[in-house]
Amino acid sequence: MALLDDLNPQQRIAAETIDGPVLIFAGAGSGKTRTLTYRIAYMVQEHGIAPENILAVTFTNKAAGELKERIEALIGEKAYRLWAGTFHSMCARILRTDGAAIGIEPNFVIYDEADQRSLIKEALSINDIDSKQYSPVEIHYAISNAKNELVGVDQFRRTRKGPFDEIAHRVYRVYQQRLRDNNALDFDDLLMRTVELFEKRPEVLAKYQQRFLYVLVDEYQDINHAQYRFVQLLAQKHRNICVVGDDDQSIYGWRGANVGIILSFEQDWPGAKVIRLEQNYRSTQKILECAYEVIRHNKGRADKKLWTQNHPGDNIICYEAVNEEEEAEWVARLIREHVAAGAARYGDFAILYRTNAMSRAFEDALMNAHIPYEVVGGVRFYERSEIKDIIAYLRTIHNPGDSVSLRRIVNTPTRGIGERTLAVAERIAHRKSIPLYDAIALAADDESLRRASRQALAAFHDLIEALRRESEHRPLMEFVRSVVERSGLLEKLRQSASAEDAGRAENLEEFVTSARRFQEQSDDPSLGAFLEHIALISDIDEAQDLENSVSLMTLHSAKGLEFPIVIMVGLEEGIFPHERSMGDEFELEEERRLCYVGITRAQRLLYLTYAHRRTIYGETRRMQPSRFLSDLPAELVDWRTELSTMPQRLLAVTEDSFGQRVIGGRRIDLTELLSRVKSRKRAGKAEAENATPQVAASGRRADRRASGRRTEDLEQAASLPRFAVGERVVHDKFGEGVVVTTQGEGPDAELTVAFRGAGVKRLLARYAKLEKASG
DNA sequence: GGTTATGGATTTTTT
DNA sequence: ATCCATAACC
């Protein structure tokens, strides 16, 4: 069985145990995806199981895509016959095919959170409920929770008591009714209704059970009750269920994820095999030790401990800053010093924080230090308002019954259909029990409205009708472009002078591009399929220059990623653990897991910082160091109070089992430089792919080479070449350029360089690593 | 119908 | 501090 020879003994057992219930505890950096892909490849290649009989469920589209790609690399094209997708996409598919059996029309639209929110508000006002007393957010939360627990409207009334739930119940009822009226399902419905379908229609369930002989679930620790039921129903017939997860990395409890589910897998599935992947290929021994010391305080976790053959590594470095600005400056300096010493590249660093608001100080400091960075996460593409507008047009055209979308665009851009005018149409819709869209056509003839209003209504209705006709015969991309133009959205943004609106206009263009991409790549390039894609994907891959930029993100976003050097910031009581979590034992444990997740992202070096004073909501507060810091074993931690940022034995660490990283102390010509950058990229990919035992073992050789090279680097930093105005130079990232101005000498010299392609940049000689261009 | 003032809240976000 | 939603304005 040569296929599995690349796996370690536990991974191998996990891959080979394909029949019956299996629980795989996959610790951080233990080669989980690798094991899963090999497992599936093995099932197909060695046991002749048809890929179409295997269902692999993930939480993200990215994870599903990655899984397919990597299996394809092992078994070729037939990997694409595998059923791999997110819970939501699988459920949407099932409901479109078989939902009619429980009264779901196949062309339903999927409402995202913003759509849900506006429906809730509508339901509140229908019930005459003061949205100040009962916030839509909280009501929505209650309803969403109920759905995750598979609690329908009637059961909600029976089981939840109290004044708030009384209100929530009334809203829930109207909300569900409105969804039906709009032929819409929200995210939570996708799961709840699929379970309902399975339970009410045994023949439908049997069909899917027959199709999915083998069921795999990734990130099982993040599963909620509805998802649990879904999996349970599908797998109960054949009992070939394999779940993978790590209870220590459960950080989405606040969204309904239930860690208890993974912990009771053995009771759910008597006779289940439990396999632990505990060998870590990512981090140094000291980093793992620290991670363990933090996580072991949690009660009720499955017993396990990661170990590694990697280098012991350097001590963790902790820094106490005076305030958040100083904290950020220290971090910026730390990054510059590592890069200047040739010990790291910008892309090796991640700054992880608890809340998005904390990114600001670090962005400022990095900007001042001319350090390239990317903020990961934040507002997603399909959630930007201008994109939501254009999507609302598409949805209205596709499904005129979708009143949430219709309301959004009826006066966007403004076309003279104000509140009063719309109210007339709504009254007609209500009186005649017809969709709002049809009522608009009638209101256009309503004598009680001014002529201008009536004309506006008629023009809007005509516009949508015209666009619908276009949608029927034009290719998707051309049609989308037409909507962008004829709706007036693009025109309005173009007329604005603000740079912000120019960016929004660009986003609209980008949206058209994404439609083209979909048209080219999908086997069903229809409007309906495109809308489904958007609803379930929620983001497009923006080409970010992560290779050469420091990554900034929340700890939550960092889950599943790894970085050579991780800097966790804001380790203060009230921030991390967050004050909202501090009163509750259960939530505190989740914060602790979040801390564990952060620590285990680090491959070579880990920095932890906190500020003595921090300004939050415009108020400066005194902070205490986080309790998580005191969990760290003292002998593994070096405290820094002032300027020095580098670890004592920097090189031993930077060059340990993670390969060559130093660019070198000698001059290199452009072609060599380019080939190095390329090979490093490849190396980086291979590393991220997965560390096999072999890699870890061979890595230690690089270790010894390291100490010899270190002195060279420092000497180089001290004796930088001099540059004259007009001289041609080469930069690691920006490529070839010409020196425009110089100021000062030596490492402090400041140069302005015009790069071909990358534009004019101001650089500090010390950090820029400029080379004279040869020839 | 669009623009500015005011009050209130402000963790994390795979779909 | 800052963002957001609603209310009171022009």
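Naming: A, B, ... by sequence-line order, numbering from 1 per chain.
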key: Interatomic distance at C1', C:dA5 relative to B:dT12, whole Å   =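 So the two C1' atoms sit 23 Å from each other.
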
Could you give the [atom1]-to-[atom2] distance, from [X] to [N], as a whole number of Å?
X        : N      : atom1 : atom2 : answer
A:Leu536 : B:dT15 : CG    : P     : 9 Å
A:Gln116 : B:dT15 : CD    : P     : 14 Å
A:Lys147 : B:dT15 : NZ    : P     : 19 Å

inquiry  = Assuming nearest nucleotide by heavy-atom distance, tell me which of A:Asn411 and A:Ala535 is located more 5' along DNA chain B.
reply    =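 That would be A:Asn411.
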
query = DNA chain B: A:Lys559 or A:Arg420, which has the more 5' nearest nucleotide?
reply = A:Arg420

task = Examine the side chains of A:Asp112 and A:Tyr382 and answer whether a donor and an acceptor come within less than 3.5 Å of each other.
result = no

ask   = Taking atom types as modelled, is there a side-chain donor on A:His140 or A:Gln116 under 3.5 Å from an acceptor on the other?
value =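 Yes, side-chain donor-acceptor contact under 3.5 Å.
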
SB check [X] [Y] (cutoff 4.0 Å):
X        : Y        : answer
A:Glu562 : A:Arg282 : yes
A:Arg593 : A:Glu590 : yes
A:Glu591 : A:Arg580 : no

Passing candidate, salt bridge (Lys or Arg N to Asp or Glu O under 4.0 Å) with A:Asp115, options A:Arg395, A:Arg408, A:Lys121 = A:Arg395

Range on DNA chain C touched by chain A - first to last nucleotide, heavy-atom distance under 4.0 Å = C:dA1 to C:dT2

inquiry  = Here's one to test your reading of the geometry: is the NZ or CZ of A:Arg592 within 45 degrees of the ring axis of A:Phe628 and under 6.0 Å from its centre?
reply    =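 No, A:Arg592 and A:Phe628 do not form such a contact.
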
task = Mind checking A:Leu185 for me? I need base, sugar-phosphate or nothing, with any heavy atom below 4.0 Å counting as a touch.
result =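 It contacts nothing in the nucleic acid.
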
query = Contact class for A:Asp188 vs. all strands (heavy atom < 4.0 Å): base, sugar-phosphate, or nothing?
reply = nothing

query = Reading nucleotides 6-13 of chain B 5' to 3', which nucleotides get B (base under 4.0 Å from a protein heavy atom), which S (sugar-phosphate only), which -?
reply = ----BBBB

message = Test your reading of the model: is there a side-chain donor-acceptor pair from A:Asn507 to the backbone of A:Glu386, 3.5 Å cut-off?
response = no

key: Intermediate values then yes/no, side-chain hydrogen bond (donor to acceptor under 3.5 Å, both in side chains), A:Asn107 and A:Asn183   = CA-CA 8 Å; A:Asn107 66 334; A:Asn183 189 18; 3.0 Å; yes

